[in-house]
Amino acid sequence: MLTYDPVVYSRILTGLTLFVHIVYATIGVGMPLMIALAEWIGIKRNDSYYLLMARRWARGFTVTVAVGVVTGTCIGLQLSLLWPNFMRVAGQAIALPLFMETFAFFVEAIFLGIYLYTWDRFKNRIYHFLLLIPVAIGSSASAFFITSVNGFMNAPRGFDLVNGKMTNIEPIVAMFNPAMPTKVGHVLATAYVTCAFITAAISALSLLRGRTHAYYKKALRMSMVTALLFSVASAVIGDFSGKYLHEYQPEKLAAAEWHFETKPHAELVFGGILTEKNEVKYGFRIPYALSILAGGTPDTVVKGLNDVPVEERPPLKASHYFFDSMVFIGMYLTVVSLWYVIWFMRNRRQSLKKPHNRLLLRAVVLGAPLAVLAIEFGWMFAEIGRQPWILWKVMTVAEGATTSTHVDTMLWLFTLLYLLITITAIRVIIRMFKSNPAEDEIKALGWEGGGKK
């Protein structure tokens, strides 16, 4: 049985909350883009199937937004309850992005409501599409502001620390910290990839079940092309992230790669087992790759863990395996999306009539849960790899945590809450679409054939 320790329980509860919230947050960031693309294509091509994609996806999106509000509120509550010392020290520096994140969400929510209730209200559909732009901007801005807070935790800037108190605070400098560009870029790109694979998986699963309507084939095509574009973007930003870690958080990069000796020509280790003597067995090694990732050349000297005090090293096994899992899934998603695009280009003229490769469809379906797992693994690495610091080189996790004796009770209550809202959300979304398949809605609207009638 786990011995009560408020720090441990605070980490578990915060980790659980982030684990749940990040799914809804990712959908909240990525789906407005997918909806916007579908409606824009539908308007430009006068294709009612794309308009219906936007319509149906927007319905499901509202459910995830509602749940995301609950889990997001829980995070704000837990920052004050579980990490009071951290908020006391850092609260002034990060107050601006926290406030702006709330404002961005309000913009998103207000215009989403208007967007949903104005279907078929405009003779010129472009006016309805324009209502979605603030939704997409608001969701991405929300991700920008909250991710900049996490960036500040990894690269604190914009203050002087005097006797444990922040003075001479510059909120703009704190928000635009060195970690912000790569973190925000990676969060946005991976959110778009994940949502593209979610919508693609729904279409691929329908095709596998024999529902060969052109609606699903067009949805799959749009989603997979989008997935390929942002998969490549994620890989490029990931390269920049490695260079950021090399310059600002070398301990984190070394932990991710089990790199112990400071040297040039460092090799990248994928997989493997770490022994008690810090020897790596059975790992796949790529010569010079870590040095190239860190500085762009094989001669780049990469700091090793032997030069890091043991008490300041991140958990090595968790950091390495979460990082490797994230990278592997990213490669899988890129390969599958490229596979689809190549298949489509070869069968372009017959893509709406020719049966899809069933192995490819299964790979697309598998990509959706894997994409969500990659998001989870990425955040786990981001947080675990920062240990033992809650505020890099300024405050440890233990120093920032509460001393309350009731965090274990909170853990049980919040766990029940997350189970309840997640099960409810899944049931609502399944019933929403299972009872009203796309084919039936197309017939009911008189949109058969792809052009509005």
Side-chain angles (χ1 to χ4, degrees), residues 22 26-27 29-38 40-41 136 139-140 143-144 147 179-201 203-204 218-246 253 256 268 270 286 288-290 292-297 322-348 351 356-357 360-361 363-379 381-382:
I22 196 63
T26 297
I27 294 173
V29 173
M31 278 309 300
L33 176 67
M34 299 302 300
I35 297 169
L37 286 174
W40 174 255
I41 294 173
S139 63
S140 296
F144 166 82
T147 305
M180 183 275 295
T182 53
K183 277 190 168 293
V184 170
H186 202 61
V187 164
L188 292 177
T190 53
Y192 300 147
V193 172
T194 301
C195 288
F197 261 95
I198 289 174
T199 55
S203 300
K218 290 185 176 183
L220 178 62
R221 179 176 64 195
M222 190 197 81
S223 298
M224 292 308 294
V225 171
T226 304
L228 177 60
L229 292 175
F230 286 106
S231 293
V232 174
S234 298
V236 173
I237 298 171
D239 179 72
F240 290 139
S241 298
K243 290 171 174 55
Y244 160 79
L245 290 177
H246 169 67
L253 181 62
L268 189 148
F270 191 85
I286 306 177
Y288 311 123
L290 182 55
I292 294 173
L293 174 65
T297 67
F322 282 138
F323 180 80
D324 278 3
S325 299
M326 174 187 66
V327 172
F328 176 78
I329 294 174
M331 294 169 59
Y332 174 87
L333 299 179
T334 303
V335 169
V336 171
S337 54
L338 179 60
W339 180 9
Y340 174 85
V341 170
I342 292 174
W343 179 90
F344 171 74
M345 294 302 293
R346 290 179 174 178
N347 302 275
R348 188 168 188 171
S351 61
H356 283 63
N357 184 310
L360 172 57
L361 293 177
V364 172
V365 172
L366 180 61
L370 285 180
V372 174
L373 280 177
I375 294 287
E376 299 286 8
F377 292 151
W379 274 105
F381 167 69

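Just so you know, residue 1 is the first one in the sequence shown, and it goes up from there. Note that the structure is a prediction, hence the values are computed from the model and not measured.
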Assess whether side-chain contact (heavy atoms from CB on, under 4.5 Å) is satisfied between Y192 and L37, documenting all intermediate values.
CA-CA 12 Å; Y192 300 147; L37 286 174; over 6 Å; no
Would you check, one step at a time, whether the test side-chain contact (heavy atoms from CB on, under 4.5 Å) holds for I292 with L268?
CA-CA 9 Å; I292 294 173; L268 189 148; over 6 Å; no
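What you find for S139 and P32 is that their closest heavy atoms are OG-CG, 3.6 Å. Taking both residues in full, the closest heavy atoms of L253 and G242 are given as CD2-O, 4.0 Å, listed atom of the first, atom of the second, then distance.
Residues satisfying the side-chain contact (heavy atoms from CB on, under 4.5 Å) criterion with L228, sequence neighbours excluded, are V232, S337, L338, V341. Under the side-chain contact (heavy atoms from CB on, under 4.5 Å) criterion, A38 pairs with M53, A54, W57, M222, sequence neighbours left out. Partners of A36 according to the side-chain contact (heavy atoms from CB on, under 4.5 Å) rule, which considers only residues two or more places apart in sequence or in another chain, are F129, L132. By the side-chain contact (heavy atoms from CB on, under 4.5 Å) test, A363 is found to be paired with Y332, V336, W339, residues two or more places apart in sequence or in another chain being considered.
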Show me the side-chain donor-acceptor pairs of residues 364-373 shorter than 3.5 Å, one per line, residues at least two apart or across chains.
none

Which donor-acceptor pairs under 3.5 Å do the side chains of residues 179-188 make with protein atoms, sequence neighbours left out?
| residue | atom | partner | partner atom | Å |
| --- | --- | --- | --- | --- |
| T182 | OG1 | A179 | O | 3.4 |
| K183 | NZ | N150 | OD1 | 3.2 |

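To the nearest 0.5 Å, atoms CE (M34) and CZ (F197) are separated by 11.0 Å. Going from atom CG of L333 over to atom CE of M224 covers 8.5 Å, rounded to the nearest 0.5 Å. Between the CD1 atom in I329 and the CD atom in E376 there is a gap of 10.5 Å [rounded to 0.5 Å].
The shortest side-chain heavy-atom distance between L293 and L245 does not fall under the 4.5 Å cut-off.
For the 3.5 Å distance criterion, the side chains of S223 and T199 qualify, holding a donor opposite an acceptor.
Here the rule is ring pair (Phe, Tyr, Trp, His ring centres under 6.0 Å) with F322, and of F381, F377, F328 only F377 fits it. Exactly one residue among V193, I27, T26 makes a side chain to side chain contact (heavy atoms under 4.5 Å, CB included) with I198. That residue is I27.
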